[in-house]
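Report on the following structure.
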Amino acid sequence: MPLQLFNTLHRQKEEFKPIDAKNVKLYCCGPTVYNYAHIGNLRTYVFEDLLRRTIARAGFGLTHVMNITDVGHLQSDADDGEDKMAIASQREQKSPWDIAKFYEEAFFADCRKLGILKPHIVCRATDHIAEMQTMITTLEEKGYAYKAGGNQYNVYFDTAKFPHYREFARQPEAQDAQGRVDADDNKRNPADFVLWFTLAGSKYPNQIMKWESPWGEGFPGWHIECSAMASKYLGDKIDIHCGGIDHIPVHHTNEIAQSEGCFGHQWVNYWLHGEFLLLDNDKMAKSKDGFLTLQKVLDAGYSAMHYRYLILTAHYRGQLNFSWDSLDGARATYDTLCHKADEWRAAFPVAAQPGAAAKTVIQKIDAAMQDDLNSPVALSVLWEAMRNDALPVPDKLAILDGADSALGLGGVTLDKPELTREQEDYLSLRDTARREKNWPEADRLRAVLLETGLMLKDRPEGSSWYFVTPPAKKA
RNA sequence: GGCGCGGUGGCAGAAUGGCGAUGUAGAGGACUGCAAAUCCUCGAAUGCCGGUUCGAUUCCGGCCCGUGCCUCCA
């Protein structure tokens, strides 16, 4: 079965037909690096990682591009808010460049822990000011841009000149006026958006990140960066563009208007959007208090893979309500899978070629993923195989390997740090106690070892152990 | 106010016009010095009311509830 993807453009599942099967062009909207990513943000990047893996396993070559927004993303309503980078800069008493560098590194560290493959090309907005200016100039020449009056000569995109402006979001035009944001007097139309902010006479003349331009010293609007960078690296026709579902009505709508205005033809063939993670049935947002970072999850005694597994149990187009209970379930499931895998590997250390039965299971997993990334079904297929006595262990190991490649399961292995001296001593004391049939002492030492993160398994030939993550290990 | 999405066992979450996956949690059993792990067995769910149909959890309508967007947002 061919790869099927839900295309936001037509609100339906469609067969994926690439422009060039040897090089699928995939662009993903990246983070604004003014703060840590929260686990809701990270869910979207896991979804994009699954998409990338699925495209590759379906036999296509691809180029995966992601931007880093390090300038131009405004804080507040309308278009007169302050740049988020500038606010973070004041908050932390660092230059905006240092802020961007710090949070970009933190973001990729989170991604590594979550098994998210790094995009082939990562591009920063601040490295592409010239490309954005070129694009704005083209839009001016084609009549899509205008300079606003007043004392703030920003350059705006004129949405009235782009008749298809509302098609993507499917928002009726009449609703613009009823939005809760006060109209910007400079705009000809409430939906118009800034391409270039000019500092002279603006509310924030001391913005540190600024560049010379044909319109005066200033900085680019948020939306133009994605259009400029995507087309620089992928050309003016892109296969897939994805991001969070919240980007449909504004950011992606504006990207389409700019890019298609500039290029004069359809820009992106497939738009894919990941749904939100909810926390206590509410949206988790960077601009709200108390968002959960991956580090907080780690501090609570879970691994990044436990969180990834939780994400995989839900379909990317449905909201997922995060709770510690559901994360507990994901942890138990993932650890059980790893534990089985480790035992099987110990028994069959040499990897075998998958037999016909294993290949069939792996194909089913791939088929589930190729059906609009149905990871819950893929996991269901995996578990049925793991508990199928008819499958020999080497086949199960081959299936695990395939599932790891398709779903990014972090190698399906439990952490095996070195034993501490203390742990070795306790183990040896306990062996002695067991030989002497001193059961109370053996039980006591087992409890002590569990607190250090060692789970014991007693066998006739002696005790073995494996690592578990006790709750509150690091908290 | 407008435009959407969703309500499935304790929890998470698929699928489907006719046996409602999978995992976790729970109960019982095998095994074990006792456990753990593993395995076996079991109990447990389609928000409410109508309609279409031989048959609805699925399709249609209404209601209730939750949630998202129209503002920065993954």
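In what follows, every chain begins at residue 1, and chains take the letters A, B, ... in the order their sequences are listed. As the structure is a prediction and not an experimental result, all values here were calculated from the model.
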Discussion item. Nearest 0.5 angstrom please: A/S463 OG to A/L454 CG, how far?
Written reply: 11.5 Å
Practice prompt. First locate atom OG1 of A/T253, then atom OH of A/Y165, and finally report the distance between them rounded to the nearest 0.5 Å.
Written response: 6.0 Å
Which residue pairs satisfy the salt bridge (charged side-chain N to carboxylate O under 4.0 Å, His left out) criterion with at least one member in [range], sequence neighbours excluded?
{"range": "residues 385-412 of chain A", "answer": "none"}
{"range": "residues 117-126 of chain A", "answer": "A/E104-A/R124, A/R124-A/D127"}
{"range": "residues 308-319 of chain A", "answer": "A/D49-A/R308, A/R317-A/D372"}

Determine the contact category for [X]: base if any of its heavy atoms lies under 4.0 Å from a base atom, sugar-phosphate if only primed atoms, P, OP1 or OP2 are that close, otherwise nothing.
{"X": "A/F47", "answer": "nothing"}
{"X": "A/H251", "answer": "nothing"}
{"X": "A/H273", "answer": "nothing"}
{"X": "A/I248", "answer": "nothing"}
{"X": "A/K340", "answer": "sugar-phosphate"}
{"X": "A/G243", "answer": "sugar-phosphate"}
{"X": "A/R170", "answer": "sugar-phosphate"}

In this structure, how many angstroms lie between the [atom2] atom of [N] and the [atom1] atom of [X], rounded?
{"X": "A/Q319", "N": "B/rA12", "atom1": "CD", "atom2": "P", "result": "13 Å"}
{"X": "A/L454", "N": "B/rA36", "atom1": "CG", "atom2": "P", "result": "17 Å"}
{"X": "A/E225", "N": "B/rC72", "atom1": "CD", "atom2": "C1'", "result": "14 Å"}
{"X": "A/M66", "N": "B/rA74", "atom1": "CE", "atom2": "P", "result": "12 Å"}
{"X": "A/I245", "N": "B/rC69", "atom1": "CD1", "atom2": "C1'", "result": "8 Å"}
{"X": "A/F193", "N": "B/rC70", "atom1": "CZ", "atom2": "P", "result": "15 Å"}
{"X": "A/D192", "N": "B/rU71", "atom1": "CG", "atom2": "P", "result": "13 Å"}
{"X": "A/F276", "N": "B/rG4", "atom1": "CZ", "atom2": "P", "result": "18 Å"}

Please measure how far the [atom1] atom in [N] lies from the corresponding atom in [M], and state the result in whole Å.
{"N": "B/rG20", "M": "B/rG26", "atom1": "P", "value": "25 Å"}
{"N": "B/rA27", "M": "B/rG43", "atom1": "P", "value": "16 Å"}
{"N": "B/rU22", "M": "B/rA44", "atom1": "C1'", "value": "15 Å"}
{"N": "B/rG17", "M": "B/rU52", "atom1": "C1'", "value": "11 Å"}
{"N": "B/rC65", "M": "B/rG28", "atom1": "P", "value": "41 Å"}
{"N": "B/rU8", "M": "B/rA21", "atom1": "C1'", "value": "12 Å"}
{"N": "B/rG9", "M": "B/rU57", "atom1": "C1'", "value": "14 Å"}
{"N": "B/rU46", "M": "B/rG13", "atom1": "C1'", "value": "13 Å"}

Worksheet item: Is the distance between the ring centroids of A/H247 and A/H273 under 6.0 Å?
Response: no
Fill in: Over 12 non-hydrogen atoms of neighbours within 6.0 angstrom of OH in A/Y103
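Yes, because the 6.0 Å sphere around OH of A/Y103 holds more than 12 heavy atoms from other groups.
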Worksheet item: Got a minute to check which stems RNA chain B is part of, using Watson-Crick or G-U wobble pairs under 3.5 Å, three or more consecutive?
Response: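 For RNA chain B the paired stretches long enough to count as stems (3 pairs minimum) are B:1-7 with B:64-70, B:10-12 with B:22-24, B:26-30 with B:38-42, B:47-51 with B:59-63.
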Can you figure out which of [options] approaches the side chain of [X] most closely?
{"X": "A/L310", "options": "B/rU71, B/rA12, B/rA37", "value": "B/rA12"}
{"X": "A/A314", "options": "B/rU71, B/rG13, B/rU67", "value": "B/rG13"}
{"X": "A/S326", "options": "B/rA12, B/rC72, B/rU67", "value": "B/rA12"}
{"X": "A/T32", "options": "B/rC72, B/rA14, B/rA74", "value": "B/rA74"}
{"X": "A/W222", "options": "B/rA14, B/rA36, B/rC72", "value": "B/rC72"}

Worksheet entry | OP1 or OP2 of B/rA15 under 4.0 Å from side-chain N/O of A/N374 | yes
Practice prompt. Quick one: list whatever passes salt bridge (charged side-chain N to carboxylate O under 4.0 Å, His left out) with A/D325, sequence neighbours left out.
Written response: none
Response to the item:
Hits for side-chain contact (heavy atoms from CB on, under 4.5 Å) against A/R11, two or more places apart or cross-chain, chain-then-number order -> A/F6, A/T8, A/R170, A/I248
Discussion item. Taking side-chain contact (heavy atoms from CB on, under 4.5 Å) as the definition, give me every residue that meets it alongside A/F102, ordered by chain and number, with sequence neighbours left out.
Written reply: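 Partners of A/F102 by the side-chain contact (heavy atoms from CB on, under 4.5 Å) criterion, ordered by chain and then number, come out as A/Y36, A/K94.
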Worksheet entry | Pair of N/O donor and acceptor under 3.5 Å linking B/rA74 base with A/T44 side chain | yes
Response to the item:
By nearest-nucleotide position on RNA chain B, the 5'-leaning member of A/K457 and A/G30 is A/K457
Response to the item:
With B for base contact, S for sugar-phosphate-only contact and - for none (protein heavy atoms under 4.0 Å), nucleotides 16-34 of chain B reads -----BSSS--------BB
Worksheet item: Got a sec, which residues hit side-chain hydrogen bond (donor to acceptor under 3.5 Å, both in side chains) with A/Y270, two or more places apart in sequence or on another chain?
Response: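 Expected list: none.
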Item to complete: Apply salt bridge (charged side-chain N to carboxylate O under 4.0 Å, His left out) to A/R434 and A/D431, showing your working.
Response: CA-CA 5 Å; A/R434 290 194 73 236; A/D431 274 348; 5.3 Å; no
